[in-house]
Each structure stands twice: as structure tokens, then as C-alpha cells.
Amino acid sequence: MSVKGLFDNISKRPTWSLIPGKHGDRDTFEIKGEVVLQKTYLADVNNYGATLVDIASEAVGQRVFLYLVSADQIDRDTGMGKKGEKTPISWDPVDLPIPGNNRSSITFKWKTELGVPGALLVKNLHNNEFFLKSVTLSAVPGKLSPLRFYCNSWIYPYDKVERVFFSTQSHLPEKTPAGLITLRKQELTNLRGNGTGERKTSDRIYDYDVYNDLGNPDFDPDLRREVLGGSQELPYPRRCRTGRAPTITDRKFESRPLPIFQFYIPLDEKFPHINLSDYTGNLVKAFAQNLAPTLKTVFGDKFVSLKHVNEIYSKGLPKVLNNVMELTKGLVPFQIGKALLNTDDQALINFRRPQIFEAEERAWKTDEEFARQALSGINPMAIQCLQAVEARRLFVLDYYDAYMPYIERINKQSDSIKMYASRTLFFLTAEGILTPVAIELCLPHTSVSQALKKVYTPAQMGEKGALWLLAKAHSRVNDSGYHQLISHWLRTHAVIEPFIIATHRQLSKMHPLHKLLIPHYFDTMDINQAARQILINANGVIEAGFTPKRYAIELSSKAYKHWKLNEQGLPADLIKRGMAVPDSTAPHGLRLVIEDYPYAVDGLEIWFALKQWVSDYLSVYYKTDDALKQDNEVQAWWKEIVNVGHGDLKKESGWYQMESVEETVEAITTIIWIASAHHAAVNFGQYAYGGYMPNLPTVSRLFIPEKGTSEYAAMVKDPGAYLLKSVSSPSQATAVMAVLELLSKHSTDEVYLGQVKGSTPEWTDDEGIEEAFERFSSSLLNVEKNVLERNKNPLLKNRYGPSQVPYTLLYPGTSDLSKEGGLTGKGIPNSISI
């Protein structure tokens, strides 16, 4: 196309212009654009020395350079697309690294013979890293719309290596423009690394390892923990390889970094959080609230009454600034921590009243509320229908197989740990609500006792009422542990990490599937490394606050043995548990056995909206099954997920084959469902239900007493007091509550499922995607409307129940929840971001 013809096809004045070439030929253009960056990572603002050097160097000359790379014209010397002229970007020398975006204009000189740019190279000669969000070229000759580079990455100082970013236009491997083929291959090679050496903070290397770093045997032999992954006995998904040295006591374990250092994750997985209260402040509070000695001095070592429990929400904790600052030293900048905690008159911690306790204080004790939470609490994917019963009116929470292999070992850990394996049976009434009919509590045969199976049935008064209250508590302890260790940690956080690693290693950033998946991986590896550091590690929050103690994460390994990807999608999961049956006359071809099953009703609408979006997206790129089978990046990606990332299960059934577009749609929908809706359902209601310990205790400290004993008499005399004596202590309860509050909070910069940033997704400009995404977003807005309408329907009793907690955990949040943040109890983030 001639220059005149190009002008005729652009309705608005372009922001590029012809300038004379060095021989007077009019073959060089000026292309104007905008660079958006953030100067430094908030957790690094203590590094003022490097910042001052950067300010001085900026005053005498530019220190960051960009190059555009031709998509079509190849440099014979390098085999890559030809580079344009070196172009500097600069920032104000006096602009200190404060939170927020910095925007700079930029002008590239570009020769017409180079065609359309397809890549951007960045070189940083500063002493500090900076976060490059995007580069947008307002208009480029030969392209009728802006050319965008969606970077979203840290740029560390390099001597020779230049960072490469591709434009937001997607290319399947066999359709890669000639000038980008070498860059595409080199970038993937760099991201894979060579599998050796200890990773540095500035590395961008994605690799796999087993969970061999949860224990700390060099510090204390009692902190030794089994290696999870790499064996048939204890299989596990892989985590990100860090390459740290082995422990001195046993080389099969990896040493842990000092508390002041984080575990390595690739630098592209660490994102700047602009709002300190969303990130650093909550981290400080989480540690502060985990100060068990302080909690003991405030609340004692046991709860004596429900009134005593209620004091948690009114009493608060005194300030212990020195202890907190010492505990958080190195984890957050000293200046930030001091600012957050330096309040003279306020108590350091004030637990807010959770929803389960807010509207009706005693609702949690009712059988109806106890049963309702199996359908619309924080673990609604555990209940099963007893399919042997033709009427389909009996349902069970069956935790026998999950716990029984470990019960003896769990109970031997301490005199203050006494756990059963439970089965809880429910009946579906004519009103469509569940009522509990029996709880079976089991102990194994040991060298000192016979196997025990006792069944307890509902009662409200007297001895049987006291026994029933305790039986429900033990059932809830089983449920809370299963929820946290399996439904939450294993089935979302742990299983998704290998997908993230494989995506970066095998799918180029210009691959359309990479672009589809990447929003659903945001912050996940960062929160997972934090979990390995303070939550699931030996003597961490989970071990300290949940009954299985040292066997907690090992117990989740046993559950992973039975994990199958093709059972993780909602329809398949419902059918497997007998909670739905195929029915061609029902919406989506599924009929729910319990019509008022909030998790399933809301979830199915989201699932099929998500599946349609994935189908629409992939249909743009794959017109036939052969096109998918010939995509070498997708095939390598899937092979690595099955054989390496989830290698312990590679011989098991349940893996999609990636041989048809239809099957691929199902697989990708499942991955996104796990990272978004499944995680939202098990995560963001944790404080609403677990913030009041008697409703969801995590520790059981006493067996149910035998008749004729003094303990039995004490139970009958005051069932409430004996219940509190039997479950979590004040220090255990408040430490867990602190973490649940942190995990249940949405960030104010959260990106929810189906939200549109601008008029199209930021990560792609491919034709047809904008319209498909808008349809997806619109369908989720309809889901929001339906959720609110169902919650207003008085006939749907499982959506509120006696506690009057509405079911909003699968309210998408597409409309505009992003400004709220906090404990909203609603909204489905794109990713496992907390």
C-alpha cells in the first residue's frame, strides 16, 4: 500500500510522520507512543542507595533503551528481525519511587523498509529494576490500529541481555512471522533454563521440583517432614524449583531460606501492589495476630463460655509493637511497618464480627444451619448422594477414608489432640432442605484399644443433646480440615502451579492459548511460595491450628492419589458425587438432585458461560482438529503437564489427550474454573463462617466422654463449656481467625472474572476476540442478576438459612466490585491471587 493509500484508510490523523532520511529520502518515520512503568517494587524501597545512583545517572543521560524489531525483515547476521534505532526512555530525576504508574511519551524512528514491528527489546542500565507495564504505539504505518506491547514484567539491570516483548497480536507456531521465529524460540529456551544452580532473584526461569522444603531438620529433627512428590506412596503436584542447597542432615531435603528472605519464584510472577493496605498491611497484621503468647495473656489458655468467645470481637489485643516489628523484620520495609503500627490509642488487633455470628448469634447451633453449610458453606463440593438409595434423599459427608489411615498417628502426637474419622448422614426433606440424621465417629484398632464406631443421632436436650452437640463439633473439625487441606490448598493452589510453569516453558507469549490462560495465573506462584514459607510448612499456621498437625499436608498427598483432571470441572464433579444426573430436558443437560443447591446452581451458570467463552476464543485460531494436533507448542505443553508437572499421576486415567478442539475446550475450561470459581467458592467465605470458631472449629482436643466418668458428668452439667474445652483453644482459634481474615479479603485492585479493561482485553488485539469477550462479560452480568434474584426468593431456604448469610461466593463481580475490596463475601477473581 502506498503512503497516500494508507492515509486514505485512516479516519483520524495518525501520530506518526515522515522525516528526511540521512540521504534526503523520505523513507523514515517518527512513531509516537506511550510507556507505562512503575519505578520499583514496594517491598524494595529500603534500597535507597541504588535509587540515588539511578537519580544521578538519569541526570547526566538516559539509562533505559528500547528497540523495535521488524516482524518480517530478517537480519542475516543474527537470524532475527531487523532492529530499529536505539530509543531512550527517561523519568524525572527527582521522581522518587512512589506507588503508582509513571507515564512517559516516546518517539521511535522507523524505516519503511522494515514493515510492521512485531517485537520490542528493552535494555536497563540502571542499578534498580523497574516494572514495565506496557508500551503503546498510537499508530504505525501498515497497521490501522494502535500497536501494543503488554509487558507486565520486571526489567532488571543487565549487561548484555535485552528483554523481548511481543506485540499483542497472536501467532500459532507455524504462522510466526519470519522476523520473530528466532526470538520466539530463544525466549522459551531462556525461560526453561538448564535445570541446575540456585535461582537468583532476577532470574526468569521456570522449572519443577518436589515438595522437599516444608521441613527444617537442620534446625530441629522434629521438624523433619516427608518429601511430597516423586513417589507412588506420597505423590504430589510439582512446585517451582529454587535450586537451594540440600540440608546438612539429609540431602534429599532442600534447605529453607532465612525468614528475612522469600522463596524464589520467577521475577515475572511478582507483581507490584499499589495499595499498601491490600498487601503489606495485611501481611503485617497476619503475623501480629499469630503471636500466641500475647493471645494467651489476653484470652487465657481456654474458653470458659460462649460469652468469653464473644470478647474476641470487642476486646481487641494490646499493642506489642516491638514483638511485631521483630517478627516481621525483613518481610516488609521497616518504614512501612512502623507507619502501619504506630497508633497510640488503638488496639493493634480488632477482630470484626463474622457473618455467621452477626445476624443471629445462636444460628450456628441449629441442625438446619449445620446441614445447610454442606450445600452453601465454604466446602460445598464434599457432600455426596447415596446413590444406592433409589429415592435419592440420603446424603453423606464421608471423611472416613481421608482421615482413618492417619488417625492413630495424629492422636499420638499430643495428649491435647483427639480426633475421629467421621461420616455424617443427611436427609432431604419435602421442603428441599437437609436435616442431619446421624453422625458416625470412628477410631482404628490399635495395640491398646479396639476399633470403635459410634453413631450419634439428633437431640436437643439432656445427655443426648450434649452428645449430639459434641458429635457435630467433631464432624465440623473433619470438615474444616478437609476443606483447608484438600478442597482449598490441594485442589486449587497446588494442582494449578504445574500448569503455570508449563505454560511459560512451552507456550510462547505470542501463542493465543498463553494469552488466554495468563490472566488466570496472576499472583498464584507468589501466594504459593508464601504458603510454603509460613502456612503449610513444618510448625506453620496450618500445622499449629488444625488437628492433623504434622501430618496435615502429607494427608493431602493421599487425596491427590485419586485426583483426576477430567473430574474437576463442575458438571463432571456433580455427576461423580451423585448430586446431578444427565437429563437432556434440563438446563445444560443436567438435573440437580437437590434443586436448591446454591453452589451448583450458581456454579453451572458460570461454568457454561466460561465454556462458551473458551470455545469462542479457540475457534478463532483452530478451525479443525488437525490444526490443534499440529500445534507443536500445545502438544509439548500438555505432554509436560502430564509427564512432569503432574508426573506422579501420568499413568492414571483422567487426562485429556489434546487431539480435538472439543476436548481442549473442556480441558481449558476446567483449568480456568479451578483458578477462578472453584477457588472463590472455597476461599472468600472463610472468615464469614470460620471467623466464629464454635461454628467451624479446626482442632479437637478431647474424645467424647464415656458414661459414668467425671468428664461425662461435666459434659452433661454444662454442654457449652465442655464443647469449648474440646475444640480450639484461644491461641489456636485466634491465630487461625487472623489468617482466615487475610485470605478472605479482596484487594481493591482485584480483576474479576469477565471484567473488561477498556473496550477489549489488554492482552490481545486479535480480530473477533473483543466481541467474544463482551458476550462472556454480558453472560456473567446475567449470572449476577440471577444470584441476587435467587437470594431474594424465600422459597430457596438453602441460600440464607437460620444464620441469614446469603450465598454470594459465586457472585462473579464482573459489574464493578473492584473498588470495594475487603471482606465482601462475593466476587470471583480471575486467579488464585490470595
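Predicted model only: the values in this text are computed from it and were never measured. For the single chain, residues carry numbers from 1 onward in sequence order.
In this structure the side chain of Met525 reaches within 4.5 angstrom of the side chain of Pro266, judged on heavy atoms. Counting heavy atoms from C-beta on, the side chains of Asp583 and Leu590 never come closer than 4.5 Å. The shortest side-chain heavy-atom distance between Ile575 and Pro582 falls under the 4.5 Å cut-off. Proximity of Pro512 to Leu172: side-chain heavy atoms (C-beta onward) are separated by under 4.5 Å at one or more points. Looking at Leu37 and Lys133, their side chains never come closer than 4.5 Å, going by heavy atoms from C-beta outward. Taking 4.5 Å as the limit, every side-chain heavy atom of Tyr206 sits out of range of all side-chain heavy atoms of Cys240.
Between Ser833 and Glu750, the side chains place a donor N or O and an acceptor N or O closer than 3.5 Å (distance only, hydrogens not considered). Counting only N and O atoms by type, the side chains of Asp268 and Ser153 include a donor and acceptor under 3.5 Å apart. Looking at Glu369 and Ser803, their side chains do bring a donor and an acceptor atom within 3.5 Å of each other. In this model, no donor atom of one side chain and acceptor atom of the other lie less than 3.5 Å apart for Gln529 and Glu269. Looking only at atom types and distance, the side chain of Gln568 has no donor-acceptor partner in the side chain of Asp573 under 3.5 Å away. If you check the side chains of Asn798 and Arg372, you find no donor sitting under 3.5 Å from an acceptor.
Judged by the 6.0 Å and 45° rule, Lys509 forms no cation-pi pair with Phe166.
Ring geometry for Trp154 against Phe131 counts as perpendicular: the plane angle is over 60°, on a 0 to 90° scale with 30° as the lower cut. Between Phe608 and His588, the ring planes lie parallel to each other; the angle is under 30°, not in the 30° to 60° tilted range.
Taking the six-membered ring for Trp and the full ring otherwise, Tyr617 and Phe773 have centroids separated by 6.0 Å or more. Here His511 and His171 keep their ring centres 6.0 angstrom or further from each other.
Checked by atom type and distance alone, the side chain of Lys623 pairs as donor or acceptor with a backbone atom of Ser619 at under 3.5 Å. Judged purely by atom type and a 3.5 angstrom limit, Thr669 uses its side chain to pair as donor or acceptor with the backbone of Val665. Listed for the Thr492 side chain is a donor-acceptor partner under 3.5 Å among the backbone atoms of His488. Of the possible donor and acceptor atoms, none in the side chain of His646 sits under 3.5 Å from a partner among the backbone N and O of Ile641. In this structure, Gln506 contributes its side chain and Val634 its backbone to no donor-acceptor pair below 3.5 Å. Of the possible donor and acceptor atoms, none in the side chain of Arg799 sits under 3.5 Å from a partner among the backbone N and O of Pro806. In terms of modelled atom types and a separation under 3.5 Å, the side chain of Gln169 and the main chain of Arg148 share no donor-acceptor contact. Within the 3.5 Å criterion, the main-chain N or O of Leu753 finds a donor-acceptor partner in the side chain of Thr814. Using modelled atom types, one side-chain atom of Glu784 and one backbone atom of Gly813 make a donor-acceptor pair closer than 3.5 Å. Under the 3.5 Å distance criterion, the side-chain polar atoms of Glu633 are matched with a main-chain donor or acceptor of Ser508.
Salt bridge annotation for Lys515-Asp766: absent, with no cationic side-chain nitrogen under 4.0 angstrom from a carboxylate oxygen. Salt bridge status for Arg103 with Glu34: present, with a side-chain N to carboxylate O gap under 4.0 Å. With respect to Asp616 and Arg775, a salt bridge is recorded, a charged nitrogen being found less than 4.0 Å from a carboxylate O. Remark: Glu358 does not engage Arg352 in a salt bridge, criterion side-chain N to carboxylate O under 4.0 Å.
Considering all non-hydrogen atoms of both residues, Pro146 and Thr136 come closest at CB-CG2, 4.3 Å. Shortest non-hydrogen contact noted between Asn379 and Tyr482 is ND2-CD2, 3.9 Å. Cys385 and Met579 get closest at one heavy-atom pair: N-SD, 3.7 Å. The nearest pair of heavy atoms linking Ala667 to Trp638 is CB-CH2, 4.2 Å. Pairing each heavy atom of Leu574 with each of Leu592, the nearest pair is CD1-CD2, 4.1 Å. The shortest non-hydrogen separation linking Asn683 to Leu743 is ND2-O, 2.7 Å.
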Show your working on side chain to side chain donor-acceptor pair (under 3.5 Å) between Thr503 and Tyr521 and close with a plain yes or no. CA-CA 10 Å; Thr503 297; Tyr521 296 158; 3.0 Å; yes

Tell me, with the steps shown, if Arg491 and Glu567 meet salt bridge (charged side-chain N to carboxylate O under 4.0 Å, His left out). CA-CA 11 Å; Arg491 290 180 60 185; Glu567 294 176 350; over 6 Å; no

Between Lys576 and Gln384, is the side-chain contact (heavy atoms from CB on, under 4.5 Å) condition met? List the steps. CA-CA 9 Å; Lys576 179 189 176 185; Gln384 304 173 57; over 6 Å; no

Residues Asn566, Thr670; criterion side-chain contact (heavy atoms from CB on, under 4.5 Å); working and verdict: CA-CA 8 Å; Asn566 66 359; Thr670 301; over 6 Å; no

Side chain to side chain donor-acceptor pair (under 3.5 Å) assessment of Asn830 paired with Ser676: CA-CA 5 Å; Asn830 270 324; Ser676 57; over 6 Å; no

Might you work through the side chain to side chain donor-acceptor pair (under 3.5 Å) test for Gln373 and Asn695, ending with a clear yes or no? CA-CA 10 Å; Gln373 290 181 32; Asn695 177 67; 3.0 Å; yes

Does the pair Tyr807 and Tyr800 meet the rule for a ring-ring contact (aromatic ring centres under 6.0 Å, His included), with working shown? CA-CA 7 Å; Tyr807 191 74; Tyr800 268 87; over 10 Å; no

Output, in order, the C-alpha distance, side-chain angles, deciding distance and verdict of salt bridge (charged side-chain N to carboxylate O under 4.0 Å, His left out) for Asp523 and Lys270. CA-CA 7 Å; Asp523 258 351; Lys270 298 189 75 68; over 6 Å; no

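Within 6.0 Å of atom NZ in Lys175, 12 or fewer heavy atoms from other residues, nucleotides or ligands are found, so the atom counts as exposed in its surroundings. Within 6.0 Å of the NZ atom in Lys564, the count of heavy atoms belonging to other residues, nucleotides or ligands exceeds 12. Around atom CD of Glu662, no more than 12 heavy atoms belonging to other residues, nucleotides or ligands sit under 6.0 Å away.
Remark: Ser556 OG to Leu490 CG distance equals 5.5 Å, nearest 0.5 Å. Here CG of Leu742 is found 7.5 Å from NZ of Lys745. Values are rounded to the nearest 0.5 Å. Interatomic distance, NE2 of His493 versus CD1 of Ile527, reported as 6.5 Å (0.5 Å rounding). Atom CD in Gln38 sits 7.5 Å away from atom CG in Asn102 (nearest 0.5 Å). To the nearest 0.5 Å, the span separating OH on Tyr692 from CG on Leu740 amounts to 15.5 Å. Note: Asn786 CG to Arg790 CZ = 5.0 Å, rounded to the nearest 0.5 Å.
Tested against His746 for a ring-ring contact (aromatic ring centres under 6.0 Å, His included), the candidates Tyr811, Tyr752, Tyr687 yield a single pass: Tyr752.
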